[in-house]
Q: 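Below are the structure tokens for one structure; questions will follow.
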Amino acid sequence: MYLSPLPFLLAGFLGLQCLFWSWSPELSGQALLSFDSLFFFSGYLAINSMSFALFLASRQAWLEPWLGGLDRLYRLHRWLGVTALIAAIFHWLMEEWDDSLERWLGRSSLDSPDFHGWLDNLQEAAEDLGEVGFYLLVFLVLLSHFRYFPYRYWRYLHLGFPVIYLLLAWHSVLLAPSSWWQQPLGWLQGGLLALGCLAALQSLTGRIGKSKKVAATLDQVTPLNDQMLEVTCTLDKPLRRYQPGHFARVTFDRLEGAHPFTLVPESGCSKRFSFCIKALGDYTRQLPHHLQPGQKIQLEGPYGRFLPLKARAKRQQIWVAAGVGITPFLACLSARKPQGSPPVTLHYATRNADQDPLVARLNKLAAGQEGFTLHLHDSHKGERLSADSLEFQQKKVDVWYCGPEQLGQTLQKELSNRKLSLRFHKEHFRFR
């Protein structure tokens, strides 16, 4: 069974922090559980986690292949934020209870640098602003995990993270032991601080993703039913390195910000794309009333590693879609070569195939596709999609899934008991 790389990436990052800490000569003779060692290590881990989290949020294109796509990059960003919060709380508690903990744990020779003159004033300011930054960090990280807080307000509060980071970076530089900067842990921390500060400045100046942004004009806005809207647009210039299955961050309203939608190209035109929008919240429900042909929008992309056409030919290919999750597979079918492509079986779950506006389009694309088999699962007729519905003809299988998160989790759980070399590919569109 294919395992998510997220736990391994997070464990690798934490292991790297501990490894560099243990390599530092000054710490080799220190008691690991002394007050100073625990106090400085918690601060070291907190600022390093924030630095790398902020760097990931800068959406560097070269990181996507290594981390498995923008969705996994943001999930790692989210968990690094949680790690930074836990370490920062531990660091703050040790500062608040320093007298009691010093008597219990004992002191070591580690201490903050002792500056004089104007540097002493900067150090005092860094300590005060670090505490303010800590309170703001706790507030914003906890708010980010409160799903019911409106996205349009959250995204503006989230812009405060770069400012908070710069405050905490200043705190870290001026209050870390001065001897650190000639040791491995200081080199690591200094490198991560440089990356984090660069990402913070990119965020504050609005330069993140700028090279991937393309203006577009809405051509058609078509309600497919009471829950689904299809939007067709023409880009001012082609998207660089687009592949079927990619998505873009689409901005209809600057106040609302960007939302991710899978792109479906129009045959024979590299600048014309459509995407389907399902009414999942207040914003998407109101879109049919706010979008008009001729309106200017902005796309940022392409992003993602959900690329079924790039799958290994020697593995059995099974595509699974539900609802609006069929869109990346529509894009892949539009680009799939009729001959010479590996066999594919597509399972599409829908509530009512007779009233589903995408079924006719799917059948049209599937017609004449060599080595392609389509199975419809109509819940209106009692046809439930499950792991038993999938027919495995080989021991090595790639399952590509796009649809509701709960159904994907159920399928993964059911497939985990199968004695197969199975890789389950899906994207997580929850970037918050």
Side-chain angles (χ1 to χ4, degrees), residues 10 13-14 17 35-58 74 76-102 105 110-113 115 119-177 180 189 192-193 195-205 208 257 431-432:
L10 188 59
F13 175 81
L14 295 175
Q17 307 309 306
F35 172 83
D36 294 316
S37 293
L38 290 175
F39 178 72
F40 283 113
F41 180 75
S42 59
Y44 161 83
L45 181 59
I47 194 63
N48 285 0
S49 298
M50 279 195 71
S51 298
F52 195 42
L54 206 62
F55 175 66
L56 292 179
S58 64
Y74 267 105
L76 180 58
H77 161 85
R78 183 168 177 259
W79 281 105
L80 284 170
V82 172
T83 302
L85 178 63
I86 294 172
I89 290 175
F90 188 81
H91 186 74
W92 177 80
L93 289 174
M94 293 197 72
E95 175 67 25
E96 293 296 306
W97 299 340
D98 56 346
D99 293 336
S100 300
L101 290 173
E102 283 176 12
L105 296 172
L110 294 174
D111 205 353
S112 299
F115 293 125
L119 282 176
D120 181 53
N121 295 330
L122 286 178
Q123 193 177 39
E124 290 182 5
E127 190 168 359
D128 295 336
L129 290 175
E131 187 169 6
V132 173
F134 165 74
Y135 295 136
L136 292 173
L137 175 68
V138 172
F139 171 71
L140 288 181
V141 172
L142 293 178
L143 188 64
S144 296
H145 287 75
F146 184 63
R147 299 286 182 187
Y148 297 102
F149 190 78
Y151 175 80
R152 63 172 60 192
Y153 304 125
W154 171 84
R155 65 179 291 267
Y156 281 104
L157 288 174
H158 199 73
L159 293 175
F161 268 115
V163 177
I164 295 171
Y165 171 79
L166 292 174
L167 292 177
L168 294 174
W170 183 18
H171 172 91
S172 176
V173 168
L174 289 178
L175 294 176
W180 280 22
Q189 184 172 342
L192 289 174
L193 282 169
L195 290 177
C197 289
L198 179 62
L201 293 175
Q202 283 184 310
S203 176
L204 292 173
T205 56
I208 292 179
F431 293 155
R432 174 179 168 180

Q: Nearest heavy-atom pair of His77 and Ala53: which atoms, and what distance?
A: ND1-O, 2.7 Å
Q: Once you round to the nearest 0.5 Å, how far does CG of Leu157 lie from CZ of Phe139?
A: 6.0 Å
Q: With a 4.5 Å limit on heavy-atom distance, are the side chains of Ile86 and Leu45 in contact?
A: no
Q: Which distance, rounded to the nearest 0.5 Å, do you find between the CG of Leu54 and the CZ of Phe161?
A: 9.5 Å
Q: Check the pair Leu166 / Leu204 against side chain to side chain contact (heavy atoms under 4.5 Å, CB included), numbers first and verdict last.
A: CA-CA 11 Å; Leu166 292 174; Leu204 292 173; 4.0 Å; yes
Q: side-chain hydrogen bond (donor to acceptor under 3.5 Å, both in side chains) with Thr83: which residues, sequence neighbours excluded?
A: none
Q: Please identify each residue that fulfils side-chain contact (heavy atoms from CB on, under 4.5 Å) with Tyr135, with sequence neighbours left out.
A: Trp92, Glu131
Q: Taking all atoms of both residues into account, what is the closest heavy-atom pair of Ala88 and Ala46, and its distance?
A: N-CB, 3.8 Å
Q: Would Leu137 and Tyr165 satisfy side chain to side chain contact (heavy atoms under 4.5 Å, CB included), going step by step from the backbone distance to the final call?
A: CA-CA 9 Å; Leu137 175 68; Tyr165 171 79; over 6 Å; no
Q: Can you name the nearest heavy-atom pair linking Thr205 to Leu201, along with the distance?
A: OG1-O, 2.7 Å
Q: How would you list, by chain and number, every residue that makes a side-chain hydrogen bond (donor to acceptor under 3.5 Å, both in side chains) with Gln17, sequence neighbours excluded?
A: Asn48
Q: Considering non-hydrogen atoms only, spot the tightest contact between Ala169 and Leu193 and give its length.
A: CB-CD2, 3.8 Å
Q: Could you pull out all residues at least two apart from Leu159 that satisfy side-chain contact (heavy atoms from CB on, under 4.5 Å)?
A: Tyr156
Q: Who passes side-chain contact (heavy atoms from CB on, under 4.5 Å) against Leu198, sequence neighbours left out?
A: none
Q: Would you please name every residue forming a ring-ring contact (aromatic ring centres under 6.0 Å, His included) with Phe13, sequence neighbours left out?
A: Phe52
Q: With sequence neighbours left out, what residues match Ser42 under side-chain contact (heavy atoms from CB on, under 4.5 Å)?
A: Phe90, His91
Q: How many angstroms lie between CG in Leu80 and CZ in Phe55, if you round to the nearest 0.5 Å?
A: 12.0 Å
Q: Looking at every non-hydrogen atom in both residues, tell me the closest pair between Gly133 and Ile164 and how far apart they are.
A: O-CG2, 3.4 Å
Q: Test your reading of the model: is there a side-chain donor-acceptor pair from Ser172 to the backbone of Leu168, 3.5 Å cut-off?
A: no
Q: Indicate the atoms forming the closest heavy-atom contact of Ala199 with Ile208, along with that distance.
A: O-CD1, 4.3 Å
